[in-house]
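Numbering of residues begins at 1 and proceeds along the displayed sequence.
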Amino acid sequence: MREGLTARPKRLPAWLFYDEAGSRLFDAITELPEYYLTRTERGIFLLASDEILARAAEGARLRIAELGAGSADKTRLLLQAAIELQGAVLYEPVDVSASALEGARERIEREIDGVTVTPRVMDYTDGDGSRLHFGPVDCGERRLVLYIGSSIGNFEPHQAAKLLHRVRAGLRKGDSFLLGVDLAKEDSILLAAYDDAAGVTAAFNRNLLVRLNRELDAEFEPEAFAHCALWNEEESRIEMHLKSRGAQRVRVGALDLTVEFAAGESIHTENSYKYRPGQAEALLTAAGFCAEATWTDARGWFAVCLGRAK
Ligand code: AVI
């Protein structure tokens, strides 16, 4: 935090968003009329989950791992398709939060007959270059790893590439990886999705400051910062910033630091990369997968790509 708040331009890491209040706000974002991502990807799964599962399985029995503790509704569609295909399925959500995993296990086992959940507590974003450990599979079984919801878009391109390499290194030849990416589109649509009329994304962004106040004894006045979303065409990403409405000084007690802001100066809080057609497939190929199939919605707003470990 010290590094980010004293850097020029100032920045804070996007993982800070997801405390309890932030996770609730993100859930609310996924239901906003402007935030098309969740429902568009869900629409793809509604139409194609049987085909996706059959392609991944190639006649073998699948077990399904997911990076992140279950994207609720969307994961359910894929798990149901797996149950139809093979009768029952083992589901392995991977997340840094043990409580999020416990919640996912309880919910999924209660709601879907035929799923056994074996959670794994692990920080899969901890990019020290080592492979991800998914654990063994039974003889004749294949693993399908899900990374859906466009979460890959919150990584810088080099970090995204590294993460995919680490996933690949944890898989065996023939296993597969399903990646959901948001695609570049008209900027008015993108901007509305990250600056909604009800102000939920603004509250999500400002919640970072609320969290610093609580956890680092900081004295931010959240309303003294404007939520700002902009489209960076060159980098193909939406950026979120918190822009100081006036000149101000903010004390961060736990860091024994006073941060100075000029009027209009901003803290860069998030990047959300929007992929160009073919880019996700190239990322998969570079990481040692064969890009096997891609599904998109009718408007071409979102893509789900299946990679097979070579
Ligand atoms: C979690 N992630 C895919 C979201 C996104 O769209 O980049 C986070 C988010 N930030 C603002 N709104 C949603």
Side-chain angles (χ1 to χ4, degrees), residues 30 38-39 41-122 124 131-152 163-164 166-180 284 289-290 292-295 302-309:
T30 64
T38 312
R39 80 180 67 87
E41 189 181 43
R42 184 172 190 278
I44 296 173
F45 292 150
L46 266 174
L47 287 177
S49 50
D50 291 344
E51 194 190 337
I52 293 171
L53 268 287
R55 286 292 286 266
E58 283 188 324
R61 200 175 170 75
L62 281 180
R63 65 168 70 190
I64 299 182
E66 179 169 12
L67 306 184
S71 330
D73 228 25
K74 291 178 288 167
T75 306
R76 182 177 310 139
L77 293 171
L78 294 166
L79 292 174
Q80 264 154 354
I83 290 166
E84 264 167 48
L85 189 70
Q86 58 188 40
V89 67
L90 219 103
Y91 171 59
E92 310 167 313
V94 176
D95 201 280
V96 70
S97 158
S99 61
L101 285 168
E102 211 27 65
R105 188 221 305 254
E106 199 269 323
R107 192 184 66 236
I108 288 170
E109 287 190 343
R110 177 168 33 89
E111 290 177 2
I112 321 177
D113 272 351
V115 184
T116 306
V117 185
T118 53
R120 222 165 231 277
V121 181
M122 170 165 78
Y124 63 84
R131 74 186 171 92
L132 289 183
H133 291 273
F134 292 109
V137 291
D138 292 341
C139 179
E141 234 183 4
R142 282 182 169 184
R143 181 172 267 120
L144 165 64
V145 179
L146 313 177
Y147 197 35
I148 58 180
S150 175
S151 299
I152 193 77
L163 175 58
L164 261 59
R166 294 177 60 228
V167 172
R168 169 63 192 91
L171 297 178
R172 298 186 317 177
K173 192 168 175 247
D175 287 345
S176 46
F177 182 54
L178 192 70
L179 181 66
L284 285 169
F289 294 94
C290 171
E292 190 147 306
T294 298
W295 293 266
F302 201 95
V304 173
C305 307
L306 183 71
R308 166 117 27 229

Can you confirm whether [X] sits close enough to [Y] that some side-chain heavy atom of one is under 4.5 Å from a side-chain heavy atom of the other?
X	Y	result
F177	L284	yes
L101	V121	yes
R76	I112	yes
L90	E92	yes
V115	V117	yes
L178	Y147	no
F134	V145	yes
I108	L79	yes

Of all the heavy-atom pairs spanning [X] and [Y], show the shortest one and how long it is.
X	Y	result
A57	L85	CB-CD2, 4.0 Å
R166	Y124	NH1-O, 2.8 Å
A82	I64	CB-CD1, 3.9 Å
K74	G149	NZ-CA, 3.5 Å
G68	P93	O-CB, 4.0 Å
W295	A48	CD1-CB, 3.6 Å

Between the side chain of [X] and the main-chain N/O of [Y], is any donor-acceptor distance below 3.5 Å?
X	Y	answer
R61	Q86	yes
R142	V137	no
R107	R110	no
R172	R143	no

**Request:** Go through R63 and E141 one step at a time and tell me if the salt bridge (charged side-chain N to carboxylate O under 4.0 Å, His left out) criterion holds.
**Result:** CA-CA 7 Å; R63 65 168 70 190; E141 234 183 4; 2.9 Å; yes

**Prompt:** Is there a donor-acceptor contact under 3.5 Å linking the side chains of S150 and E41?
**Reply:**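 There is no such pair (donor and acceptor under 3.5 Å, judged by atom type) between the side chains of S150 and E41.
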
**Asked** Among all residues two or more places apart in sequence or in another chain, which pass the ring pair (Phe, Tyr, Trp, His ring centres under 6.0 Å) test with F302?
**Response** none

**Request:** Please lay out, stage by stage, how F45 and T75 fare under the test side-chain contact (heavy atoms from CB on, under 4.5 Å).
**Result:** CA-CA 9 Å; F45 292 150; T75 306; over 6 Å; no

**Item:** Test side chain to side chain contact (heavy atoms under 4.5 Å, CB included) applied to L67 and D95, L132, L179, L146, the passing residue
**Value:**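 Only one option passes, and that is L132.
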
**Asked** What's the spacing between I44 CD1 and L77 CG if we round to 0.5 Å?
**Response**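 The distance works out to 12.0 Å.
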
**Prompt:** So, are R308 and E292 salt-bridged, with charged N and O less than 4.0 Å apart?
**Reply:**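 Between E292 and R308 there is a salt bridge, with a charged N closer than 4.0 Å to a carboxylate O.
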
